[in-house]
Amino acid sequence: MELFDEQTPKTPAQKQAILDNVRLPEDWKTALADELTSNNMDDLRAFLKEAYQSENSIYPPAPLIFNALNLTPLSQIKVVILGQDPYHGPGQAMGLSFSVPKVIPKPPSLNNLLKEMASDVGIAPSKHGDLTYWAQQGVLLLNSSLTVRESEPNSHQNKGWEQFTDAVIDVVNEQTEHTVFILWGSHAQKSKYINTDKHLILTAVHPSPLAANRGGFFGSKPFSKTNDYLVQYGQTPIDWQLPQ
């Protein structure tokens with residue numbers, strides 16, 4: 001893809017050419033058009049092209065980078081669960097925060113998340129950690145950075161992802177009503193401004209063992225609180241029970 005000098009404005013035709021190559025639901029493409037055609041995204045695309053062509057393993061696989069947005073169109077969002085960056089082990093990352101494919105053992109943070117879910121809403125703990133079912137119901141499973149280098153957490157911070165995912169949060173904040181934002185850990189809670197007059201914010205410590213075992217995550221009941229809020233505003237609650 002052609003890159004543009006930082007000082008060179010793009011023409012409408014150039015912007016449209018970029019958008020034509022973006023594979024996202026139309027409502028996301030429309031809402032994020034300015035960011036998707038920004039100089040930041042030009043730089044990020046160049047960085048990612050080089051990263052995926054390097055000898056390093058980058059996660060998730062390139063076709064799954066925008067899995068969260070593809071599985072959860074803007075028009076369907078009820079809940080946002082914000083993570084930091086993808087899991088950095090082989091086969092783990094699938095483009096959804098905290099989620100791993102069914103065949104991959106659950107990481108400790110996901111185990112704790114599902115343990116709290118089972119306790120909170122009174123269902124059996126899931127044997128797997130694939131959260132696709134949640135995404136399909138309107139739970140946006142978003143990381144602040146959407147890619148990572150193998151075995152190097154936070155390795156793709158400050159490469160441009162934060163500006164993009166901040167734009168996603170801004171769009172959800174502005175264009176949806178009565179959305180639940182679940183923010184676990186200090187990193188997620190540094191997120192940009194969210195209008196508490198029309199949305200619910202639930203915070204707790206991160207579900208990683210180091211943080212969760214200190215107290216404040218187990219018993220926080222984010223799943224039942226989310227559904228209570230959705231029902232209060234006439235929305236269908238989330239079925240948290242993952243299909244086995």
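Remember, predicted model here, so these are calculated numbers, not experimental data.
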How far apart are the closest heavy atoms of Leu114 and His128, and which atoms are they? CD1-O, 3.6 Å
Does Ile104 share a hydrophobic cluster with Leu96, counting links as ILVMFWY side-chain heavy atoms below 4.5 Å and allowing steps through other members? yes
How long is the straight-line distance from CD1 of Ile65 back to CZ of Arg23, given to the nearest 0.5 Å? 12.5 Å
In this structure, CD1 of Ile194 is separated from CZ of Phe181 (nearest 0.5 Å) by 4.5 Å
Given 3.5 Å as the limit, does a donor-acceptor pair link the side chain of Lys29 with the main chain of Val22, or not? yes
Distance-minimising heavy-atom pair for Asn112 and Phe218: OD1-CZ, 3.4 Å
Donor-acceptor pair, side chain of Glu50 and main chain of Ala46, under 3.5 angstrom: no
Who passes side chain to side chain donor-acceptor pair (under 3.5 Å) against Trp161, sequence neighbours left out? Thr147
Restricting to ring pair (Phe, Tyr, Trp, His ring centres under 6.0 Å), what partner residues turn up for Trp240, sequence neighbours left out? Trp134, Phe223
When clusters are formed by joining ILVMFWY residues with side-chain heavy atoms under 4.5 Å apart, either directly or through shared neighbours, do Phe217 and Leu210 land in the same one? no
Minimum side-chain heavy-atom gap Ser38-Phe164 below 4.5 Å: no
Does one hydrophobic cluster hold both Val139 and Leu131, with members joined at side-chain heavy-atom distances below 4.5 Å? yes
Does anything in residues 69-92 pair up under salt bridge (Lys or Arg N to Asp or Glu O under 4.0 Å), and if so which pairs, sequence neighbours excluded? none
Considering non-hydrogen atoms only, spot the tightest contact between Pro60 and Tyr52 and give its length. O-OH, 2.6 Å
Check whether Gln92 reaches the backbone of Val100 with its side chain - one donor and one acceptor, N or O, closer than 3.5 Å. no
Residue pairs fulfilling salt bridge (Lys or Arg N to Asp or Glu O under 4.0 Å) with at least one residue in residues 136-150, sequence neighbours excluded: Arg149-Glu152
Restricting to side chain to side chain donor-acceptor pair (under 3.5 Å), what partner residues turn up for Ser119, sequence neighbours left out? none
Quick check: does any side chain N or O of Lys198 sit under 3.5 Å from a backbone N or O of Glu174, one acting as donor and the other as acceptor? yes
Pairwise side-chain contact, Glu177 with Tyr233, heavy-atom cut-off 4.5 Å (strictly under): no
Would you kindly say whether Gln163 and Glu35 are connected by a side-chain donor-acceptor distance under 3.5 Å? yes
Leu200: side chain to side chain contact (heavy atoms under 4.5 Å, CB included) partners, not counting sequence neighbours: Val180, Leu202, Tyr229
Pair Trp184 + Phe98: ring centers closer than 6.0 Å: yes
Nearest heavy atoms of Asn227 and Ile238, plus distance in Å: OD1-N, 2.8 Å
CD of Gln84 to CD of Gln157, rounded to nearest 0.5 Å, is 5.5 Å
To the nearest 0.5 Å, how far apart are CD1 in Ile182 and CD1 in Ile81? 4.5 Å
Taking every non-hydrogen atom, the tightest pair across Thr179 and His199: N-ND1, 3.1 Å
Looking at residues at least two apart in the chain, or sitting in another chain, which of them share a side chain to side chain donor-acceptor pair (under 3.5 Å) with Thr132? Asp130
Partners of Thr196 by side chain to side chain contact (heavy atoms under 4.5 Å, CB included), sequence neighbours excluded? Ile201
Closest non-hydrogen contact found for Ala124 with Ala118 is C-CB, 4.2 Å
With side-chain hydrogen bond (donor to acceptor under 3.5 Å, both in side chains) as the rule and sequence neighbours excluded, what pairs involving residues 63-76 come up? Asp27-Ser75
Tell me which pairs pass salt bridge (Lys or Arg N to Asp or Glu O under 4.0 Å) where either residue lies in residues 108-129, with sequence neighbours left out. none
Please collect all salt bridge (Lys or Arg N to Asp or Glu O under 4.0 Å) contacts where either partner lies in residues 216-241, sequence neighbours excluded, each pair once. none
Can you tell me how far CG of Asp166 sits from CG of Asn173, rounded to the nearest 0.5 angstrom? 11.5 Å
Can you tell me how far CG of Leu82 sits from OG of Ser97, rounded to the nearest 0.5 angstrom? 7.0 Å
State, yes or no, whether a side-chain contact exists between Leu36 and Leu24 at a heavy-atom distance under 4.5 Å. yes
Co-members of Tyr59 in a cluster of I, L, V, M, F, W and Y side chains, linked at under 4.5 Å: Val148
In one Ile/Leu/Val/Met/Phe/Trp/Tyr side-chain cluster, 4.5 Å: Leu142, Val79: no
Between His88 and Asn154 (side chain of the first, backbone of the second, donor and acceptor by atom type, cut-off under 3.5 Å), is there such a pair? no
Quick check: is Ile77 connected to Val168 through a chain of hydrophobic side chains (ILVMFWY, heavy atoms under 4.5 Å apart)? yes
Has Asn213 got a side-chain atom pairing as donor or acceptor with Pro209's backbone, closer than 3.5 angstrom? yes
Within the distance-only criterion (no hydrogens, no angle test), does the side chain of Thr37 pair as donor or acceptor with the backbone N or O of Ile18 below 3.5 angstrom? no
Are the side chain of Gln175 and the backbone N or O of Asp170 linked by a donor-acceptor pair below 3.5 Å? no
Under 3.5 Å: donor-acceptor pair, side chain of Gln235, backbone of His178: yes
Side-chain contact test, heavy atoms from C-beta onward, threshold under 4.5 Å: evaluate it for Ser126 versus Gln244 and give yes or no. yes
Sub-4.5 Å side-chain heavy-atom contact between Val172 and Leu74: yes
